[in-house]
Amino acid sequence: RAAWAAAMRAVRYVMRDCREGNFFLSGRGYVIFIYFCAIMKQIFMTLGVAAMMFAGCTQGKEEGKPAIDLANFDNTVAAGEDFYQYACGGWMANNPLTPEYARYGIFDQLDKENQEKLKALIEELNANVQEPGSVGEKIQIMYALGLDTTKRNAEGAAPVMEQIAAIKAISNMDELSAMIAKMHVESSSPFFGFGIGADQKNSTMNLLRFSQGGLSMGDRDYYLLDDESSVKIRAAYREYINKLFVLAGYSPEEAAAAADKVLALETKIAEVSVDRATRRDVHKNYNKMTVKEFKKNYGFINWDIFFNEVGIKNSTELNASQKPFFEGMTKMMKKVSLEDQKEYLVFKLLNAASNYLSDEFVQANFAFYGKTMQGREELQPLWKRSLAVVNGSLAEAFGQMYVEKYFPASSKEKMLEMVSNLQAALGERINALEWMSDETKAKAQEKLGTFIVKVGYPDKWKDYTALEIKNDSYWANICRSNIFSHNEMMEREGQPVDRTKWGMSPQTVNAYYNPTTNEICFPAAILQPPFFNPNADDAVNYGGIGVVIGHEMTHGFDDQGRNY
(Lines give C-alpha, C1' and ligand atoms only; values in the text may rest on other atoms or scores of the structure.)
Protein backbone atom coordinates (compact mmCIF):
# COMPACT_ATOMS: atom_id res chain seq x y z
CA ARG A 1 0.00 0.00 0.00
CA ALA A 2 2.87 2.39 0.82
CA ALA A 3 4.52 1.65 -2.52
CA TRP A 4 1.25 2.25 -4.37
CA ALA A 5 0.71 5.57 -2.57
CA ALA A 6 4.23 6.70 -3.49
CA ALA A 7 3.61 5.72 -7.08
CA MET A 8 0.40 7.76 -7.20
CA ARG A 9 2.26 10.81 -5.86
CA ALA A 10 4.77 10.38 -8.65
CA VAL A 11 1.96 10.27 -11.21
CA ARG A 12 0.47 13.53 -9.84
CA TYR A 13 3.83 15.33 -10.16
CA VAL A 14 4.21 14.09 -13.73
CA MET A 15 0.68 15.14 -14.67
CA ARG A 16 1.29 18.59 -13.14
CA ASP A 17 4.40 19.04 -15.27
CA CYS A 18 2.45 18.04 -18.36
CA ARG A 19 -0.38 20.52 -17.60
CA GLU A 20 2.25 23.27 -17.29
CA GLY A 21 3.57 22.40 -20.75
CA ASN A 22 6.82 20.90 -19.49
CA PHE A 23 6.75 17.70 -21.49
CA PHE A 24 10.41 17.08 -20.72
CA LEU A 25 9.49 17.08 -17.02
CA SER A 26 11.01 19.22 -14.31
CA GLY A 27 14.05 17.95 -12.43
CA ARG A 28 11.87 16.79 -9.54
CA GLY A 29 9.24 15.36 -11.88
CA TYR A 30 11.80 13.41 -13.84
CA VAL A 31 13.43 11.94 -10.75
CA ILE A 32 10.08 10.96 -9.33
CA PHE A 33 9.00 9.49 -12.66
CA ILE A 34 12.05 7.23 -12.56
CA TYR A 35 11.15 6.39 -8.97
CA PHE A 36 7.63 5.60 -10.16
CA CYS A 37 9.00 3.16 -12.74
CA ALA A 38 11.09 1.47 -10.07
CA ILE A 39 8.10 1.26 -7.73
CA MET A 40 5.90 -0.19 -10.46
CA LYS A 41 8.60 -2.77 -11.28
CA GLN A 42 8.72 -3.83 -7.62
CA ILE A 43 4.91 -4.09 -7.49
CA PHE A 44 4.75 -6.19 -10.62
CA MET A 45 7.57 -8.42 -9.39
CA THR A 46 5.71 -8.90 -6.14
CA LEU A 47 2.63 -9.89 -8.09
CA GLY A 48 4.67 -12.44 -10.01
CA VAL A 49 4.20 -10.88 -13.45
CA ALA A 50 7.61 -9.18 -13.80
CA ALA A 51 8.58 -11.65 -16.48
CA MET A 52 5.87 -10.21 -18.79
CA MET A 53 6.73 -6.56 -18.16
CA PHE A 54 10.51 -6.96 -18.43
CA ALA A 55 10.74 -9.65 -21.08
CA GLY A 56 12.69 -7.19 -23.23
CA CYS A 57 15.53 -7.14 -20.70
CA THR A 58 15.95 -10.89 -20.51
CA GLN A 59 15.04 -11.88 -24.05
CA GLY A 60 17.60 -13.72 -26.10
CA LYS A 61 18.83 -17.00 -24.77
CA GLU A 62 21.88 -18.82 -26.04
CA GLU A 63 22.54 -22.35 -24.86
CA GLY A 64 19.94 -21.90 -22.14
CA LYS A 65 21.48 -18.73 -20.73
CA PRO A 66 19.27 -15.69 -20.06
CA ALA A 67 20.58 -12.37 -21.35
CA ILE A 68 20.36 -11.05 -17.80
CA ASP A 69 20.49 -13.65 -15.04
CA LEU A 70 18.60 -12.36 -12.01
CA ALA A 71 20.31 -15.00 -9.86
CA ASN A 72 23.47 -12.88 -10.07
CA PHE A 73 21.87 -10.19 -7.88
CA ASP A 74 21.69 -10.11 -4.10
CA ASN A 75 18.25 -8.69 -3.41
CA THR A 76 18.76 -8.88 0.35
CA VAL A 77 20.97 -5.77 0.05
CA ALA A 78 19.73 -2.35 -1.01
CA ALA A 79 21.47 -1.05 -4.12
CA GLY A 80 22.01 2.31 -2.46
CA GLU A 81 23.79 0.77 0.52
CA ASP A 82 26.24 -1.62 -1.18
CA PHE A 83 25.86 -1.62 -4.93
CA TYR A 84 28.67 -4.12 -5.55
CA GLN A 85 27.09 -6.68 -3.25
CA TYR A 86 23.65 -5.97 -4.72
CA ALA A 87 24.85 -6.41 -8.31
CA CYS A 88 27.35 -9.25 -7.81
CA GLY A 89 26.47 -10.95 -4.54
CA GLY A 90 24.41 -13.73 -6.10
CA TRP A 91 27.14 -14.50 -8.63
CA MET A 92 29.81 -14.66 -5.93
CA ALA A 93 27.70 -16.94 -3.76
CA ASN A 94 27.04 -19.26 -6.71
CA ASN A 95 30.68 -19.27 -7.86
CA PRO A 96 32.94 -19.84 -4.84
CA LEU A 97 36.71 -19.86 -5.35
CA THR A 98 37.82 -23.45 -5.93
CA PRO A 99 41.33 -24.81 -5.13
CA GLU A 100 42.53 -24.84 -8.76
CA TYR A 101 42.11 -21.04 -9.07
CA ALA A 102 43.92 -18.11 -7.45
CA ARG A 103 41.15 -15.78 -8.68
CA TYR A 104 37.80 -16.37 -10.34
CA GLY A 105 35.71 -13.91 -12.32
CA ILE A 106 33.54 -13.76 -15.42
CA PHE A 107 36.56 -14.19 -17.72
CA ASP A 108 37.61 -17.29 -15.79
CA GLN A 109 34.08 -18.68 -15.80
CA LEU A 110 33.74 -18.24 -19.56
CA ASP A 111 37.17 -19.73 -20.14
CA LYS A 112 36.17 -22.74 -18.05
CA GLU A 113 33.03 -23.23 -20.14
CA ASN A 114 35.04 -22.74 -23.29
CA GLN A 115 37.44 -25.50 -22.28
CA GLU A 116 34.50 -27.91 -22.29
CA LYS A 117 33.72 -26.91 -25.87
CA LEU A 118 37.31 -27.46 -26.93
CA LYS A 119 37.37 -30.81 -25.18
CA ALA A 120 34.25 -31.80 -27.12
CA LEU A 121 36.04 -30.93 -30.37
CA ILE A 122 38.91 -33.27 -29.51
CA GLU A 123 36.47 -36.02 -28.56
CA GLU A 124 34.87 -35.65 -31.99
CA LEU A 125 38.32 -35.97 -33.58
CA ASN A 126 39.05 -39.06 -31.51
CA ALA A 127 35.84 -40.68 -32.69
CA ASN A 128 37.32 -40.95 -36.18
CA VAL A 129 40.60 -42.12 -37.71
CA GLN A 130 42.54 -39.04 -38.79
CA GLU A 131 44.58 -38.90 -41.97
CA PRO A 132 48.33 -39.35 -41.28
CA GLY A 133 50.09 -35.99 -41.09
CA SER A 134 46.83 -34.06 -40.94
CA VAL A 135 46.09 -31.32 -38.45
CA GLY A 136 43.48 -33.59 -36.87
CA GLU A 137 46.09 -36.30 -36.23
CA LYS A 138 48.56 -33.77 -34.83
CA ILE A 139 45.96 -32.53 -32.35
CA GLN A 140 45.08 -36.11 -31.44
CA ILE A 141 48.69 -37.11 -30.76
CA MET A 142 49.60 -34.00 -28.77
CA TYR A 143 46.50 -34.25 -26.58
CA ALA A 144 46.97 -38.00 -26.00
CA LEU A 145 50.62 -37.50 -24.99
CA GLY A 146 49.48 -34.91 -22.46
CA LEU A 147 47.09 -37.41 -20.90
CA ASP A 148 49.59 -40.29 -20.84
CA THR A 149 51.14 -39.90 -17.37
CA THR A 150 52.02 -43.62 -17.31
CA LYS A 151 54.42 -43.12 -20.22
CA ARG A 152 55.91 -39.92 -18.76
CA ASN A 153 56.36 -41.41 -15.29
CA ALA A 154 58.19 -44.37 -16.81
CA GLU A 155 60.47 -42.01 -18.76
CA GLY A 156 61.29 -39.77 -15.78
CA ALA A 157 63.99 -37.30 -16.84
CA ALA A 158 65.03 -39.38 -19.88
CA PRO A 159 63.54 -36.96 -22.49
CA VAL A 160 65.94 -34.18 -21.40
CA MET A 161 69.06 -36.19 -20.57
CA GLU A 162 70.59 -35.89 -24.05
CA GLN A 163 70.17 -32.11 -23.92
CA ILE A 164 71.70 -31.98 -20.42
CA ALA A 165 74.65 -34.05 -21.62
CA ALA A 166 75.21 -31.57 -24.47
CA ILE A 167 75.30 -28.69 -21.98
CA LYS A 168 77.67 -30.58 -19.69
CA ALA A 169 80.02 -31.21 -22.64
CA ILE A 170 80.53 -27.49 -23.36
CA SER A 171 84.22 -26.64 -23.05
CA ASN A 172 84.53 -23.01 -24.21
CA MET A 173 82.61 -19.77 -24.72
CA ASP A 174 81.95 -20.39 -28.42
CA GLU A 175 80.24 -23.69 -27.62
CA LEU A 176 78.33 -21.96 -24.83
CA SER A 177 77.13 -19.27 -27.27
CA ALA A 178 75.93 -21.95 -29.69
CA MET A 179 74.05 -23.71 -26.88
CA ILE A 180 72.40 -20.45 -25.74
CA ALA A 181 71.19 -19.98 -29.32
CA LYS A 182 69.92 -23.56 -29.56
CA MET A 183 67.95 -23.15 -26.33
CA HIS A 184 66.41 -19.89 -27.54
CA VAL A 185 65.12 -21.76 -30.57
CA GLU A 186 63.80 -24.95 -29.01
CA SER A 187 63.30 -24.72 -25.25
CA SER A 188 63.82 -21.53 -23.20
CA SER A 189 65.36 -18.04 -23.23
CA PRO A 190 68.53 -17.98 -21.09
CA PHE A 191 70.18 -14.66 -20.15
CA PHE A 192 68.08 -12.36 -22.39
CA GLY A 193 65.11 -12.25 -24.72
CA PHE A 194 64.99 -11.67 -28.45
CA GLY A 195 62.33 -11.52 -31.13
CA ILE A 196 61.12 -9.77 -34.27
CA GLY A 197 58.30 -7.24 -34.29
CA ALA A 198 57.27 -3.87 -35.62
CA ASP A 199 59.79 -1.06 -35.40
CA GLN A 200 58.08 1.29 -32.96
CA LYS A 201 59.17 4.36 -34.91
CA ASN A 202 58.63 2.85 -38.36
CA SER A 203 55.72 0.53 -37.77
CA THR A 204 55.41 -0.63 -41.37
CA MET A 205 58.67 -2.61 -41.03
CA ASN A 206 59.76 -5.41 -38.73
CA LEU A 207 62.84 -4.97 -36.56
CA LEU A 208 65.08 -7.34 -34.62
CA ARG A 209 64.71 -6.70 -30.87
CA PHE A 210 66.80 -7.77 -27.87
CA SER A 211 65.54 -7.29 -24.31
CA GLN A 212 66.43 -8.11 -20.73
CA GLY A 213 65.49 -11.57 -19.48
CA GLY A 214 66.91 -14.75 -18.04
CA LEU A 215 65.07 -14.55 -14.70
CA SER A 216 62.86 -17.57 -14.03
CA MET A 217 60.92 -15.69 -11.35
CA GLY A 218 60.20 -12.98 -13.91
CA ASP A 219 60.74 -9.71 -12.06
CA ARG A 220 63.97 -8.40 -10.55
CA ASP A 221 62.28 -7.45 -7.27
CA TYR A 222 61.79 -11.10 -6.28
CA TYR A 223 65.58 -11.41 -6.13
CA LEU A 224 66.43 -8.05 -4.58
CA LEU A 225 63.81 -7.08 -2.00
CA ASP A 226 64.38 -8.05 1.65
CA ASP A 227 60.80 -7.99 2.94
CA GLU A 228 59.46 -11.13 4.60
CA SER A 229 57.41 -12.22 1.59
CA SER A 230 60.34 -11.90 -0.86
CA VAL A 231 62.68 -13.81 1.47
CA LYS A 232 60.15 -16.68 1.71
CA ILE A 233 59.67 -16.76 -2.05
CA ARG A 234 63.44 -16.94 -2.64
CA ALA A 235 63.77 -19.78 -0.16
CA ALA A 236 60.99 -21.69 -1.94
CA TYR A 237 62.62 -20.94 -5.29
CA ARG A 238 65.97 -22.32 -4.17
CA GLU A 239 64.19 -25.44 -2.92
CA TYR A 240 62.51 -25.78 -6.32
CA ILE A 241 65.82 -25.43 -8.20
CA ASN A 242 67.38 -28.04 -5.92
CA LYS A 243 64.45 -30.42 -6.48
CA LEU A 244 64.79 -30.27 -10.27
CA PHE A 245 68.49 -31.06 -10.11
CA VAL A 246 67.81 -34.06 -7.85
CA LEU A 247 65.12 -35.33 -10.20
CA ALA A 248 67.62 -34.99 -13.08
CA GLY A 249 70.03 -37.35 -11.30
CA TYR A 250 72.26 -35.00 -9.30
CA SER A 251 73.34 -36.19 -5.86
CA PRO A 252 71.94 -34.15 -2.92
CA GLU A 253 75.33 -32.43 -2.52
CA GLU A 254 75.64 -31.67 -6.24
CA ALA A 255 72.05 -30.39 -6.39
CA ALA A 256 72.55 -28.06 -3.42
CA ALA A 257 75.73 -26.62 -4.91
CA ALA A 258 74.12 -26.19 -8.34
CA ALA A 259 71.05 -24.48 -6.82
CA ASP A 260 73.30 -21.99 -5.03
CA LYS A 261 75.12 -21.21 -8.28
CA VAL A 262 71.90 -20.69 -10.23
CA LEU A 263 70.32 -18.43 -7.63
CA ALA A 264 73.54 -16.41 -7.30
CA LEU A 265 73.79 -15.92 -11.08
CA GLU A 266 70.12 -14.98 -11.47
CA THR A 267 70.51 -12.49 -8.63
CA LYS A 268 73.41 -10.88 -10.50
CA ILE A 269 71.23 -10.71 -13.63
CA ALA A 270 68.49 -9.08 -11.53
CA GLU A 271 70.96 -6.47 -10.26
CA VAL A 272 71.66 -5.24 -13.81
CA SER A 273 67.99 -5.44 -14.90
CA VAL A 274 65.85 -2.30 -15.06
CA ASP A 275 62.71 -2.02 -12.93
CA ARG A 276 59.08 -2.29 -14.04
CA ALA A 277 58.52 1.45 -14.19
CA THR A 278 61.46 1.88 -16.57
CA ARG A 279 60.19 -0.97 -18.75
CA ARG A 280 56.91 0.93 -19.21
CA ASP A 281 58.69 3.98 -20.64
CA VAL A 282 58.61 3.33 -24.39
CA HIS A 283 61.11 6.12 -25.07
CA LYS A 284 63.73 4.70 -22.72
CA ASN A 285 63.19 1.27 -24.28
CA TYR A 286 63.84 2.38 -27.85
CA ASN A 287 67.58 2.15 -28.46
CA LYS A 288 68.01 1.47 -32.15
CA MET A 289 71.55 0.77 -33.29
CA THR A 290 73.44 -1.15 -35.95
CA VAL A 291 74.01 -4.87 -35.49
CA LYS A 292 77.74 -4.20 -35.74
CA GLU A 293 77.55 -1.67 -32.88
CA PHE A 294 75.55 -4.09 -30.71
CA LYS A 295 78.03 -6.93 -31.21
CA LYS A 296 80.98 -4.67 -30.49
CA ASN A 297 79.60 -3.08 -27.30
CA TYR A 298 77.91 -6.05 -25.61
CA GLY A 299 80.24 -8.98 -26.13
CA PHE A 300 79.28 -11.22 -23.21
CA ILE A 301 78.62 -14.02 -25.72
CA ASN A 302 79.84 -14.64 -29.28
CA TRP A 303 77.08 -12.86 -31.19
CA ASP A 304 78.30 -14.05 -34.61
CA ILE A 305 77.72 -17.64 -33.51
CA PHE A 306 74.38 -16.78 -31.87
CA PHE A 307 73.08 -14.94 -34.95
CA ASN A 308 74.11 -17.77 -37.23
CA GLU A 309 72.54 -20.49 -35.05
CA VAL A 310 69.16 -18.74 -34.65
CA GLY A 311 69.04 -17.78 -38.33
CA ILE A 312 69.42 -13.99 -38.22
CA LYS A 313 70.55 -13.13 -41.77
CA ASN A 314 68.97 -9.93 -43.06
CA SER A 315 69.26 -7.46 -40.18
CA THR A 316 71.63 -4.51 -40.22
CA GLU A 317 69.88 -2.74 -37.31
CA LEU A 318 68.23 -3.80 -34.07
CA ASN A 319 66.67 -2.37 -30.91
CA ALA A 320 68.50 -3.06 -27.64
CA SER A 321 65.36 -2.42 -25.60
CA GLN A 322 66.92 -2.12 -22.16
CA LYS A 323 70.34 -0.66 -22.94
CA PRO A 324 71.48 -0.49 -19.27
CA PHE A 325 70.82 -4.24 -18.97
CA PHE A 326 73.18 -5.13 -21.81
CA GLU A 327 75.80 -2.74 -20.47
CA GLY A 328 75.51 -4.39 -17.05
CA MET A 329 75.59 -7.94 -18.45
CA THR A 330 78.75 -7.18 -20.43
CA LYS A 331 80.58 -6.17 -17.25
CA MET A 332 79.04 -8.75 -14.92
CA MET A 333 79.37 -11.87 -17.08
CA LYS A 334 83.14 -11.50 -17.33
CA LYS A 335 83.28 -12.57 -13.68
CA VAL A 336 81.02 -15.64 -14.04
CA SER A 337 82.73 -18.98 -14.62
CA LEU A 338 81.88 -21.27 -17.51
CA GLU A 339 80.80 -24.00 -15.06
CA ASP A 340 78.33 -21.68 -13.32
CA GLN A 341 76.84 -20.68 -16.65
CA LYS A 342 76.46 -24.34 -17.62
CA GLU A 343 74.58 -25.15 -14.39
CA TYR A 344 72.32 -22.16 -15.11
CA LEU A 345 71.57 -23.52 -18.60
CA VAL A 346 70.76 -26.97 -17.17
CA PHE A 347 68.28 -25.40 -14.79
CA LYS A 348 66.71 -23.26 -17.56
CA LEU A 349 66.23 -26.45 -19.57
CA LEU A 350 64.74 -28.41 -16.66
CA ASN A 351 62.46 -25.53 -15.72
CA ALA A 352 61.14 -25.24 -19.28
CA ALA A 353 60.61 -29.00 -19.54
CA SER A 354 59.22 -29.67 -16.06
CA ASN A 355 55.52 -29.54 -16.99
CA TYR A 356 56.05 -32.09 -19.78
CA LEU A 357 57.97 -34.72 -17.81
CA SER A 358 56.97 -37.10 -14.99
CA ASP A 359 54.49 -36.24 -12.24
CA GLU A 360 57.37 -35.50 -9.86
CA PHE A 361 58.59 -32.71 -12.13
CA VAL A 362 55.05 -31.39 -12.63
CA GLN A 363 54.35 -31.34 -8.89
CA ALA A 364 57.66 -29.59 -8.18
CA ASN A 365 56.81 -26.91 -10.74
CA PHE A 366 53.32 -26.46 -9.31
CA ALA A 367 54.54 -26.30 -5.72
CA PHE A 368 56.57 -23.21 -6.58
CA TYR A 369 54.81 -21.43 -9.46
CA GLY A 370 51.26 -22.56 -8.66
CA LYS A 371 51.19 -22.47 -4.86
CA THR A 372 53.98 -20.10 -3.78
CA MET A 373 53.79 -17.58 -6.61
CA GLN A 374 50.08 -17.69 -7.53
CA GLY A 375 48.33 -18.95 -4.41
CA ARG A 376 46.56 -21.85 -6.10
CA GLU A 377 45.95 -24.94 -3.99
CA GLU A 378 45.45 -27.64 -6.63
CA LEU A 379 46.68 -28.43 -10.12
CA GLN A 380 44.14 -28.10 -12.88
CA PRO A 381 42.77 -31.46 -14.09
CA LEU A 382 45.08 -33.26 -16.51
CA TRP A 383 42.73 -32.81 -19.47
CA LYS A 384 42.76 -29.02 -19.04
CA ARG A 385 46.55 -28.94 -18.94
CA SER A 386 46.74 -31.12 -22.04
CA LEU A 387 44.20 -28.91 -23.76
CA ALA A 388 46.29 -25.82 -22.99
CA VAL A 389 49.28 -27.38 -24.75
CA VAL A 390 47.22 -28.10 -27.88
CA ASN A 391 45.93 -24.54 -27.71
CA GLY A 392 49.50 -23.26 -27.65
CA SER A 393 51.18 -25.52 -30.18
CA LEU A 394 48.38 -25.77 -32.77
CA ALA A 395 46.51 -22.59 -31.90
CA GLU A 396 45.01 -21.51 -35.21
CA ALA A 397 44.45 -25.03 -36.52
CA PHE A 398 42.41 -25.78 -33.40
CA GLY A 399 40.84 -22.34 -33.69
CA GLN A 400 39.62 -22.99 -37.20
CA MET A 401 37.71 -26.04 -35.95
CA TYR A 402 36.34 -23.99 -33.06
CA VAL A 403 35.06 -21.22 -35.31
CA GLU A 404 33.38 -23.63 -37.72
CA LYS A 405 31.37 -25.16 -34.90
CA TYR A 406 30.74 -22.33 -32.45
CA PHE A 407 30.98 -18.93 -34.17
CA PRO A 408 28.33 -17.88 -36.73
CA ALA A 409 29.06 -15.18 -39.33
CA SER A 410 26.07 -13.18 -38.06
CA SER A 411 27.88 -12.59 -34.74
CA LYS A 412 30.81 -11.06 -36.58
CA GLU A 413 28.52 -8.68 -38.46
CA LYS A 414 26.75 -7.58 -35.28
CA MET A 415 30.07 -7.00 -33.51
CA LEU A 416 31.42 -4.86 -36.36
CA GLU A 417 28.29 -2.70 -36.13
CA MET A 418 28.74 -2.28 -32.36
CA VAL A 419 32.40 -1.32 -32.76
CA SER A 420 31.45 1.27 -35.38
CA ASN A 421 28.82 2.76 -33.07
CA LEU A 422 31.23 2.93 -30.15
CA GLN A 423 33.89 4.55 -32.34
CA ALA A 424 31.36 7.25 -33.18
CA ALA A 425 30.50 7.71 -29.50
CA LEU A 426 34.17 8.02 -28.53
CA GLY A 427 34.62 10.53 -31.33
CA GLU A 428 31.80 12.65 -29.89
CA ARG A 429 33.42 12.54 -26.44
CA ILE A 430 36.79 13.58 -27.85
CA ASN A 431 35.17 16.58 -29.56
CA ALA A 432 33.47 17.58 -26.31
CA LEU A 433 36.69 17.64 -24.24
CA GLU A 434 37.37 21.11 -22.89
CA TRP A 435 41.00 20.44 -21.93
CA MET A 436 42.13 19.12 -25.33
CA SER A 437 43.33 21.48 -28.06
CA ASP A 438 41.75 21.43 -31.53
CA GLU A 439 45.04 20.22 -33.02
CA THR A 440 45.22 17.30 -30.59
CA LYS A 441 41.54 16.48 -31.18
CA ALA A 442 42.22 16.26 -34.91
CA LYS A 443 45.08 13.81 -34.27
CA ALA A 444 42.91 11.78 -31.88
CA GLN A 445 40.09 11.60 -34.45
CA GLU A 446 42.56 10.55 -37.14
CA LYS A 447 43.81 7.72 -34.92
CA LEU A 448 40.30 6.66 -33.93
CA GLY A 449 39.20 6.62 -37.56
CA THR A 450 42.05 4.37 -38.65
CA PHE A 451 41.58 1.58 -36.10
CA ILE A 452 41.97 -1.84 -37.67
CA VAL A 453 39.09 -3.93 -36.28
CA LYS A 454 39.52 -7.71 -36.06
CA VAL A 455 36.56 -9.81 -35.01
CA GLY A 456 36.24 -13.56 -34.51
CA TYR A 457 39.04 -15.10 -36.54
CA PRO A 458 41.76 -14.28 -39.10
CA ASP A 459 40.91 -14.11 -42.79
CA LYS A 460 43.86 -16.37 -43.59
CA TRP A 461 44.65 -19.43 -41.46
CA LYS A 462 48.17 -20.49 -40.50
CA ASP A 463 49.64 -23.51 -42.31
CA TYR A 464 50.91 -26.21 -39.91
CA THR A 465 52.27 -28.58 -42.55
CA ALA A 466 55.86 -27.97 -41.44
CA LEU A 467 55.08 -28.81 -37.80
CA GLU A 468 56.00 -32.44 -37.13
CA ILE A 469 54.18 -34.11 -34.24
CA LYS A 470 55.35 -37.64 -33.49
CA ASN A 471 54.42 -40.33 -31.01
CA ASP A 472 57.72 -40.16 -29.14
CA SER A 473 58.06 -37.99 -26.01
CA TYR A 474 55.82 -35.12 -24.94
CA TRP A 475 58.88 -32.89 -24.44
CA ALA A 476 60.29 -33.68 -27.90
CA ASN A 477 57.05 -32.46 -29.45
CA ILE A 478 57.13 -29.29 -27.36
CA CYS A 479 60.63 -28.62 -28.70
CA ARG A 480 59.51 -29.22 -32.30
CA SER A 481 56.58 -26.87 -31.75
CA ASN A 482 58.95 -24.21 -30.40
CA ILE A 483 61.22 -24.63 -33.43
CA PHE A 484 58.20 -24.27 -35.74
CA SER A 485 57.18 -21.02 -34.01
CA HIS A 486 60.75 -19.72 -34.13
CA ASN A 487 61.06 -20.42 -37.85
CA GLU A 488 57.75 -18.68 -38.47
CA MET A 489 59.04 -15.62 -36.58
CA MET A 490 62.30 -15.56 -38.53
CA GLU A 491 60.35 -15.36 -41.79
CA ARG A 492 59.42 -11.82 -40.71
CA GLU A 493 63.03 -10.67 -40.47
CA GLY A 494 63.57 -7.61 -42.67
CA GLN A 495 60.01 -7.86 -44.01
CA PRO A 496 57.09 -5.40 -43.90
CA VAL A 497 54.67 -5.83 -40.98
CA ASP A 498 51.76 -8.12 -41.83
CA ARG A 499 48.77 -6.21 -40.48
CA THR A 500 46.48 -9.18 -41.06
CA LYS A 501 48.35 -11.32 -38.51
CA TRP A 502 46.53 -12.05 -35.24
CA GLY A 503 48.12 -11.88 -31.79
CA MET A 504 45.55 -14.25 -30.24
CA SER A 505 43.88 -17.45 -31.34
CA PRO A 506 40.10 -17.43 -32.00
CA GLN A 507 39.44 -19.71 -29.01
CA THR A 508 41.01 -17.25 -26.53
CA VAL A 509 38.67 -15.60 -24.00
CA ASN A 510 40.28 -12.18 -24.18
CA ALA A 511 40.80 -9.14 -26.40
CA TYR A 512 43.67 -6.77 -27.14
CA TYR A 513 44.87 -3.48 -28.59
CA ASN A 514 48.15 -3.40 -30.56
CA PRO A 515 49.71 0.09 -30.63
CA THR A 516 52.11 -0.47 -33.56
CA THR A 517 49.31 -1.56 -35.91
CA ASN A 518 46.58 0.50 -34.19
CA GLU A 519 44.30 -2.53 -34.10
CA ILE A 520 41.65 -3.81 -31.75
CA CYS A 521 40.95 -7.53 -31.75
CA PHE A 522 38.06 -9.55 -30.31
CA PRO A 523 38.49 -13.34 -30.70
CA ALA A 524 35.46 -15.57 -31.22
CA ALA A 525 35.64 -17.13 -27.75
CA ILE A 526 34.83 -13.88 -25.91
CA LEU A 527 31.85 -13.28 -28.20
CA GLN A 528 29.41 -15.40 -26.21
CA PRO A 529 27.35 -14.93 -23.03
CA PRO A 530 27.76 -13.21 -20.67
CA PHE A 531 29.79 -10.76 -22.77
CA PHE A 532 27.92 -11.10 -26.05
CA ASN A 533 24.56 -12.63 -26.87
CA PRO A 534 23.46 -12.13 -30.51
CA ASN A 535 19.81 -12.69 -29.56
CA ALA A 536 19.72 -10.27 -26.63
CA ASP A 537 18.61 -6.67 -26.44
CA ASP A 538 21.33 -4.20 -27.55
CA ALA A 539 21.52 -2.77 -24.02
CA VAL A 540 22.74 -6.14 -22.74
CA ASN A 541 25.50 -6.37 -25.32
CA TYR A 542 26.66 -2.78 -24.90
CA GLY A 543 26.82 -3.41 -21.15
CA GLY A 544 28.84 -6.59 -21.73
CA ILE A 545 31.10 -6.74 -24.79
CA GLY A 546 30.59 -2.99 -25.30
CA VAL A 547 32.63 -2.40 -22.14
CA VAL A 548 35.42 -4.60 -23.56
CA ILE A 549 35.31 -2.76 -26.91
CA GLY A 550 35.53 0.60 -25.14
CA HIS A 551 38.35 -0.68 -22.94
CA GLU A 552 40.45 -1.75 -25.93
CA MET A 553 39.75 1.46 -27.88
CA THR A 554 40.88 3.65 -24.99
CA HIS A 555 44.20 1.77 -24.86
CA GLY A 556 45.01 3.73 -28.01
CA PHE A 557 44.96 6.91 -25.93
CA ASP A 558 46.31 5.77 -22.54
CA ASP A 559 49.79 6.34 -21.08
CA GLN A 560 51.22 3.78 -23.52
CA GLY A 561 49.01 4.08 -26.59
CA ARG A 562 49.30 7.85 -26.77
CA ASN A 563 52.97 7.46 -27.76
CA TYR A 564 52.06 5.83 -31.08
Side-chain angles (χ1 to χ4, degrees), residues 24-25 27 30-31 34 83-84 87 105-107 197-207 209 274-288 319 321-322 412-455 496-504 510-523 526-527 531-532 538-564:
F24 293 101
L25 306 184
Y30 181 76
V31 170
I34 296 300
F83 186 78
Y84 182 73
I106 290 293
F107 275 91
D199 183 338
Q200 292 175 300
K201 291 192 176 182
N202 178 20
S203 61
T204 61
M205 290 299 296
N206 282 306
L207 179 68
R209 294 185 291 188
V274 303
D275 60 24
R276 277 174 284 181
T278 303
R279 293 207 311 272
R280 281 188 63 80
D281 188 325
V282 295
H283 302 287
K284 289 181 179 178
N285 290 281
Y286 189 82
N287 301 294
K288 194 173 181 179
N319 180 29
S321 299
Q322 290 80 38
K412 185 167 186 171
E413 293 169 9
K414 190 172 181 69
M415 265 294 290
L416 289 170
E417 180 185 358
M418 289 182 68
V419 172
S420 178
N421 290 341
L422 285 163
Q423 278 180 282
L426 181 53
E428 292 172 3
R429 292 195 173 201
I430 290 171
N431 285 337
L433 294 173
E434 295 180 0
W435 54 267
M436 188 180 282
S437 70
D438 291 340
E439 182 182 6
T440 305
K441 286 179 182 178
K443 285 289 185 183
Q445 293 288 5
E446 179 186 359
K447 183 167 192 175
L448 179 63
T450 54
F451 273 154
I452 296 172
V453 182
K454 296 180 177 179
V455 173
V497 171
D498 181 1
R499 294 178 183 271
T500 67
K501 184 176 176 60
W502 278 50
M504 283 180 181
N510 212 331
Y512 70 84
Y513 168 77
N514 183 351
T516 56
T517 53
N518 198 35
E519 71 180 55
I520 47 178
C521 179
F522 308 96
I526 198 174
L527 303 179
F531 289 102
F532 178 75
D538 281 352
V540 173
N541 287 322
Y542 281 109
I545 197 65
V547 172
V548 179
I549 296 169
H551 172 93
E552 301 305 339
M553 289 199 303
T554 54
H555 271 314
F557 307 92
D558 67 14
D559 68 320
Q560 298 296 296
R562 68 184 178 85
N563 292 291
Y564 296 81

Counting distance only, does the side-chain N/O of [X] pair as donor-acceptor with the main-chain N or O of [Y] below 3.5 Å?
X      : Y      : value
Tyr286 : Gln200 : no
Asn514 : Glu519 : no
Asn563 : Asp559 : yes
Glu552 : Tyr513 : yes
Lys441 : Leu433 : yes

**Report entry** Residues Thr278 and Asp275: side-chain donor-acceptor under 3.5 angstrom
**Finding:**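 Indeed, the side chains of Thr278 and Asp275 share at least one donor-acceptor pair under 3.5 Å.
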Report task. To the nearest 0.5 Å, tell me how far Asn319 CG sits from Asp199 CG. Result ->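 Going from the CG atom of Asn319 to the CG atom of Asp199 covers 7.5 Å.
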Report task. First locate atom OH of Tyr564, then atom OG1 of Thr516, and finally report the distance between them rounded to the nearest 0.5 Å. Result ->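 So the OH of Tyr564 and the OG1 of Thr516 are separated by 7.0 Å.
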**Report entry** For Gln445, side-chain contact (heavy atoms from CB on, under 4.5 Å) partners two or more places apart
**Finding:**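 side-chain contact (heavy atoms from CB on, under 4.5 Å) list for Gln445, sorted by chain: Ile430, Asn431, Leu448.
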Report task. Step by step, work out the side chain to side chain contact (heavy atoms under 4.5 Å, CB included) result for Thr204 and Val497. Result -> CA-CA 5 Å; Thr204 61; Val497 171; 5.8 Å; no
Query raised in the report: Can you find a pair of side-chain heavy atoms, one from His555 and one from Gln560, that are under 4.5 Å apart?
Result: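 SC-SC contact between His555 and Gln560 ruled out.
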Query - Phe522 vs Val419 side-chain heavy atoms within contact, under 4.5 Å - result: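 SC-SC contact between Phe522 and Val419 confirmed.
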Report task. State which residues pass side chain to side chain donor-acceptor pair (under 3.5 Å) with Asn287; sequence neighbours excluded, sorted by chain then number. Result ->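 With neighbours one apart ignored, the set is empty.
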